[in-house]
Amino acid sequence: MQKLYLRILPYFISTIVGILIFIGINYIENPDWKDLTLNISAGLISIPLIFIFYELIKELSEKKIKNKIRNYIKFHTEKSLFALLKYLYNWFFPLQKTPIIMDDNKIQRLIDLSSQDIEQILTEKTLLGFFIYKDISDTITTISTIIKNNNLNEYITDNEMIHFMDILRNITLIKKETLEFIPIGKNKSLKIKNDNNPHNQELELFYKTIKLDSYIFKEIDKTKLLEYFKVPTETIELISHQIYDLLNDINDLIKIMEIDFWKEENPYGIKSPNY
């Protein structure tokens, strides 16, 4: 708004001068000078008014475009952050024999984990391959596009950009670390369906007849999905800090961008907490 004010200020001053001149015409007796002064006054009023209206329309158009792009960025950011939170949730909390539906309480429970909490969980618990080897390359690509595309990143604040970059760095490092996780045994009560799909486009995790979750895995060896894994002792502290930093950056970005995962108009597959 301040930039708009500075742009139209000269035109506004010119218009005021034109109005003052018009008022002063009554004190001019010479008809020729009166006509000349009237023309000057008309020019000083009409031409700046045209530019003032132009600047106002331009400002409204730019604001509308900016809002559309910001909404586009926010929509894809919501999808990405939600995917990352769901990806991490079952690393840390026991797998229940019911479908996995995220809600505010689960998200908050995850975000509230301290670095020490994460380290303790990774030390004491095993992680099911179905959850740690989910393919989240599309999520990483989306975040990369937001921060690298010049048509988008000019609408991102510096603070948002820092969080985007930190999220991208940490999730990339975490995914790299999972390749070194140590297999310790197989879960015999769970099973994978759609396992004839050669590209693992969407595999389903079942307990008896109950579908617990489904996800895309692409080219990973499906035998890993029902394996339990441990984090190597020498990397537990490092990966705990990476996950803690990632969760904090996600939480900060949620607050900065005023993200609400449960808005009814969100057209992607996020379940309402009242589901």
Side-chain angles (χ1 to χ4, degrees), residues 1-10 54-89 91 102 104 106-119 134-178 237-263 265-268 270:
M1 186 60 70
Q2 186 176 7
K3 290 183 179 179
L4 174 63
Y5 172 76
L6 293 175
R7 289 205 305 269
I8 68 173
L9 181 60
Y54 167 77
E55 292 292 347
L56 289 173
I57 293 171
K58 180 182 176 184
E59 178 74 13
L60 290 173
S61 298
E62 289 178 348
K63 187 175 181 180
K64 188 174 182 180
I65 292 171
K66 180 179 179 179
N67 286 339
K68 283 188 174 182
I69 295 176
R70 284 287 300 179
N71 287 337
Y72 175 88
I73 292 170
K74 185 175 179 180
F75 168 75
H76 286 284
T77 300
E78 285 178 359
K79 285 187 68 175
S80 299
L81 298 187
F82 184 84
L84 292 178
L85 289 169
K86 185 173 182 181
Y87 167 69
L88 288 172
Y89 181 80
W91 279 42
M102 295 295 286
D104 282 330
K106 289 180 180 176
I107 289 173
Q108 196 60 50
R109 185 182 181 192
L110 182 59
I111 288 174
D112 286 343
L113 289 174
S114 67
S115 181
Q116 291 76 20
D117 292 333
I118 295 170
E119 188 171 344
K134 288 179 174 181
D135 183 84
I136 57 171
S137 58
D138 288 345
T139 299
I140 293 173
T141 299
T142 298
I143 296 174
S144 297
T145 300
I146 290 173
I147 65 177
K148 292 179 181 178
N149 188 322
N150 292 333
N151 294 322
L152 297 177
N153 60 29
E154 64 175 300
Y155 296 94
I156 299 172
T157 67
D158 291 342
N159 194 16
E160 289 169 349
M161 178 64 80
I162 290 170
H163 287 300
F164 274 121
M165 294 177 69
D166 286 344
I167 288 170
L168 184 61
R169 183 185 71 251
N170 280 312
I171 194 60
T172 303
L173 291 172
I174 290 165
K175 285 300 287 183
K176 184 178 178 182
E177 294 289 346
T178 62
E237 184 176 357
L238 172 63
I239 197 170
S240 297
H241 284 298
Q242 289 170 345
I243 293 172
Y244 176 74
D245 289 342
L246 173 62
L247 291 173
N248 272 289
D249 281 310
I250 290 174
N251 191 36
D252 288 343
L253 202 52
I254 288 171
K255 292 177 181 177
I256 293 169
M257 300 185 74
E258 298 180 346
I259 287 173
D260 182 358
F261 293 121
W262 313 117
K263 286 183 180 178
E265 61 268 25
N266 287 346
Y268 45 89
I270 293 179

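When a residue number appears, it is its place in the shown sequence, counting from 1. Every heavy atom of this structure was used, including side-chain atoms; hydrogens, water molecules and symmetry mates were not.
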Straight-line distance of N170 CG to E177 CD, nearest 0.5 Å:
11.0 Å
Distance-only polar pair, side chains of S137 and D135, donor-acceptor under 3.5 Å:
yes
Give me the atom names and distance for the closest heavy-atom approach of T139 to A83.
OG1-CB, 3.7 Å
Where do M102 and I107 come nearest, in terms of heavy atoms and distance?
CE-CG1, 3.9 Å
Check whether any side-chain heavy atom of L152 lies under 4.5 Å from a side-chain heavy atom of Y72, and answer yes or no.
yes
Closest non-hydrogen atoms of T77 and I73, given as atom of the first, atom of the second and distance, are OG1-O, 2.7 Å
The single option from I69, I146, N67 passing side-chain contact (heavy atoms from CB on, under 4.5 Å) against Y155:
I69
Value for CG (D166) from CD1 (I171), rounded to nearest 0.5 Å, stands at 13.0 Å
Point-to-point distance, once rounded to the nearest 0.5 Å, from CZ of F164 to CG of N153
10.5 Å
In Å and rounded to the nearest 0.5 Å, what is the NZ to CH2 distance from K134 to W91?
11.5 Å
OG1/T178 to CD1/I174 distance, rounded to the nearest 0.5 angstrom?
9.5 Å
Would you name the heavy atoms of S80 and T142 that are closest together and state the gap between them?
OG-CG2, 3.4 Å
Show the atom names and distances, to 0.1 Å, of all donor-acceptor pairs under 3.5 Å that link a side chain in residues 241-255 to residues at least two apart or in another chain.
from : atom 1 : to   : atom 2 : distance (Å)
H241 : ND1    : S115 : OG     : 3.3
N248 : ND2    : Y244 : O      : 3.0
D249 : OD1    : H163 : ND1    : 2.8

In terms of heavy-atom contacts, does CE of M161 have more than 12 from other residues, nucleotides or ligands at under 6.0 Å?
yes
As an exercise, state the distance from NE2 of H76 to OG1 of T145, rounded to the nearest 0.5 Å.
9.5 Å
Closest non-hydrogen atom pair between I156 and R70, with its separation:
CA-NH1, 4.0 Å
Is a side-chain N or O of K74 found less than 3.5 angstrom from the main chain of E258, in a donor-acceptor match?
yes
Pairwise side-chain contact, D112 with D117, heavy-atom cut-off 4.5 Å (strictly under)
no
